[in-house]
Asker: 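A single structure is presented below for examination.
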There are 2 protein chains.
Amino acid sequence: MSALATGSPRHRQIADALRRSIRSGVYERGTQLPSERELAEEFDVSRGTVRQALATLRAEGVVASRKGARGVVLAEPRAQSFSELLSFSAWARALGERPAGRVVELARRYADAADAHRLDVTEGDPVFFLVRVRMLGDAPVMIERTTFVESVGRLVASVDLEADSIYARLAERGVVFAHARHYVSALAADNEDAALLGVEPGTPLLRQVRRTTSPEGMPLEWADDRYLGDAVSFVLENSSGSRHAARVIGTIPEPRGDGALR
Amino acid sequence: MSALATGSPRHRQIADALRRSIRSGVYERGTQLPSERELAEEFDVSRGTVRQALATLRAEGVVASRKGARGVVLAEPRAQSFSELLSFSAWARALGERPAGRVVELARRYADAADAHRLDVTEGDPVFFLVRVRMLGDAPVMIERTTFVESVGRLVASVDLEADSIYARLAERGVVFAHARHYVSALAADNEDAALLGVEPGTPLLRQVRRTTSPEGMPLEWADDRYLGDAVSFVLENSSGSRHAARVIGTIPEPRGDGALR
DNA sequence: CAGTGGTCTAGACCACGTG
DNA sequence: ACGTGGTCTAGACCACTGA
């Protein structure tokens, strides 16, 4: 016990405490939580702070609540975070797997129309392009094709790409990835995909196109990741109030509009 | 103008107003928003209410904010909601498409192990099983295989499944779908999939397995939806603070644990 | 340095649900 | 009828950003 987050905000500490209570069976799946006023007294904070903590758990799909009734426990908390969705290395390590990567290509090149659109740069501006095959243990599970804006790419080029997590290294140098939008669809492996993953062309792949921005909203990278369909899946939570996820026609918005459809 | 949501909470009205302002170009992508205190004065509410509205936009990926600096506009707001992710009909209509569906099978049967696990019922309990092919215009785009708990399934059986949105009809009868967890992966069309969608076996499909619960956390249905990979994709937003989405090893959790992994 | 968002408090009223 | 969560107010202090 102890040594935990004395400096972190109170509402986060409370969310952590509630998560632990649920995981350890103090509050079981399907049962009701104490009222917000009771929790406020228990943690010696105002009700507003308790509500802030509960909002976090609600967004995680751990609890649900309605107007006149007490909150209920929906499910065990999942251990995941933003960095684990962004970084293959962080994710793999959190699962106890040994992440590995083989660099296929690292090049400085010039932005084409797609790069320009997704990174908010001008066509012809320099960007960095990186292709890696990522593995769990010895088995390849995905191909990662990432395009970085020049300032970030220069840092990437100085990292040990075979061993390290790019995002951990960049974070050390003050490059913060704060927000991402992901497009998820399915496609058949083309010849290059197939060769890199060691499968037949035509094998179904899960495609994730991602665009990541800094806290200021500045695009930092975009990536086209392709997973073996039976190796990995994505999980998302989705409640009546929230709009974190959506479904769109077609695959990936290419030409104009940043937001697809239209 | 006017006629809009006089009864809805103030923070929602403010979020709507800000979304409109961004869409209409009052606040452009990449620029700063007014300070929270200024917005509070403009809308004549307290700062807390403004922050509640901004939290919504943040979760949607429309704006971002950090400690000492003003919020910035990340992207144009997307028109989507929970019901549009859940209901094929609502989604298609919102896009101006004409949704259609062909019922392949509707049967009352008895829960197998997977049903029992996902719906919190006992193996052998009655459930309702529905298979539909969904189309946009004349083209089939997905197969929907849904299993309902008995109480909901009985209502489903009384609905015009070819024309109506199940979820709209159920909502009218007081069955509220409040929370969903989705698992997204890729797989190859099997013979049945291929025949129903009119494609070759082996064609890549985007698979979404969903489990939906009531506001009280009671499971109402689970579904295995398979989309033509090039017809539809999913979009998700994901910020440093949030945990709405995650990546997991393997495809769909089958046996135990509700939360996959472990 | 002044201004900002992040956090927190201590109240209040309402619509809703359950007994 | 009562307790509940949802909403809202009017303050306050802090850590951080940016000129």
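Side chains included, hydrogens not; waters and symmetry mates left out as well; all remaining heavy atoms used. In the text below, chain A, chain B and the rest are named by the order of the sequence lines, each starting its count at 1.
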Asker: For a quick check of understanding: with a heavy-atom distance under 4.0 Å over all strands, which category does A:Arg37 fall into, base, sugar-phosphate or nothing?
Answerer: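 Here A:Arg37 touches the bases of the nucleic acid.
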Asker: Among all residues two or more places apart in sequence or in another chain, which pass the salt bridge (Lys or Arg N to Asp or Glu O under 4.0 Å) test with A:Arg70?
Answerer: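 Only A:Glu38 meet the salt bridge (Lys or Arg N to Asp or Glu O under 4.0 Å) criterion with A:Arg70.
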Asker: Give, for atom CG of B:Asp115 and atom CZ of B:Arg109, the distance between the pair rounded to the nearest 0.5 Å.
Answerer: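 Between atom CG of B:Asp115 and atom CZ of B:Arg109 there are 5.0 Å.
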Asker: Quick one: side-chain hydrogen bond (donor to acceptor under 3.5 Å, both in side chains) partners of B:Asp120, sequence neighbours excluded?
Answerer: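 In terms of side-chain hydrogen bond (donor to acceptor under 3.5 Å, both in side chains), with neighbours along the sequence ignored, B:Asp120 is linked to A:Arg29.
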Asker: Anything under 4.0 Å to a heavy atom of chain B counts; send over the first and last such nucleotide of DNA chain C, read 5' to 3'.
Answerer: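 Nucleotide range in contact with chain B: C:dG3 to C:dT7.
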Asker: Have a look at A:Arg10 and say if it touches a base, only the backbone sugar-phosphate, or nothing, with a 4.0 Å heavy-atom cut-off.
Answerer: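 If one applies the 4.0 Å heavy-atom cut-off, A:Arg10 turns out to touch the sugar-phosphate alone, with no base involved.
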Asker: Going by atom type alone, with no hydrogens or angles, which donor-acceptor pairs under 3.5 Å involve a side-chain atom of residues 149-159 of chain B and a protein atom two or more places apart or on another chain?
Answerer:
{"from": "B:Glu150", "atom 1": "OE2", "to": "B:Arg108", "atom 2": "NH2", "distance (Å)": "3.0"}
{"from": "B:Ser158", "atom 1": "OG", "to": "B:Leu155", "atom 2": "O", "distance (Å)": "2.7"}
{"from": "B:Ser158", "atom 1": "OG", "to": "B:Arg173", "atom 2": "NH1", "distance (Å)": "3.1"}

Asker: Any chance you could measure A:Arg211, atom CZ, to B:Leu74, atom CG, to the nearest 0.5 Å?
Answerer: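 A:Arg211 CZ to B:Leu74 CG: 8.0 Å, rounded to 0.5 Å.
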Asker: Taking the nucleotide of DNA chain C with the nearest heavy atom to each, does A:Gly48 or B:Glu36 sit closer to the 5' end?
Answerer: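 Result: B:Glu36.
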Asker: Once you round to the nearest 0.5 Å, how far does CG of A:Leu170 lie from CZ of A:Phe148?
Answerer: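 Between atom CG of A:Leu170 and atom CZ of A:Phe148 there are 6.5 Å.
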Asker: Both A:Arg47 and A:His11 contact DNA chain C. Which one's nearest nucleotide lies toward the 5' end?
Answerer: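 Comparing both residues, the 5'-ward one is A:His11.
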Asker: Sequence neighbours excluded and cut-off under 3.5 Å, please list the side-chain donor-acceptor pairs for residues 212-219 of chain A, or say none.
Answerer:
{"from": "A:Thr212", "atom 1": "OG1", "to": "A:Glu221", "atom 2": "OE2", "distance (Å)": "2.7"}
{"from": "A:Ser214", "atom 1": "OG", "to": "A:Glu216", "atom 2": "N", "distance (Å)": "3.2"}
{"from": "A:Ser214", "atom 1": "OG", "to": "A:Glu216", "atom 2": "OE1", "distance (Å)": "2.8"}
{"from": "A:Ser214", "atom 1": "OG", "to": "A:Met218", "atom 2": "N", "distance (Å)": "3.2"}
{"from": "A:Glu216", "atom 1": "OE2", "to": "B:Arg66", "atom 2": "NH2", "distance (Å)": "3.1"}

Asker: Is there a side-chain contact between B:Asp16 and B:Gln13, using heavy atoms and a 4.5 Å cut-off?
Answerer: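 No, too far: nothing below the 4.5 Å cut-off.
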Asker: Between the protein and nucleotides 16-19 of chain D, are there any N/O to N/O pairs under 3.5 Å, and if so, what are the atom names and distances?
Answerer:
{"from": "D:dG18", "atom 1": "OP1", "to": "B:Arg66", "atom 2": "NH1", "distance (Å)": "3.4"}

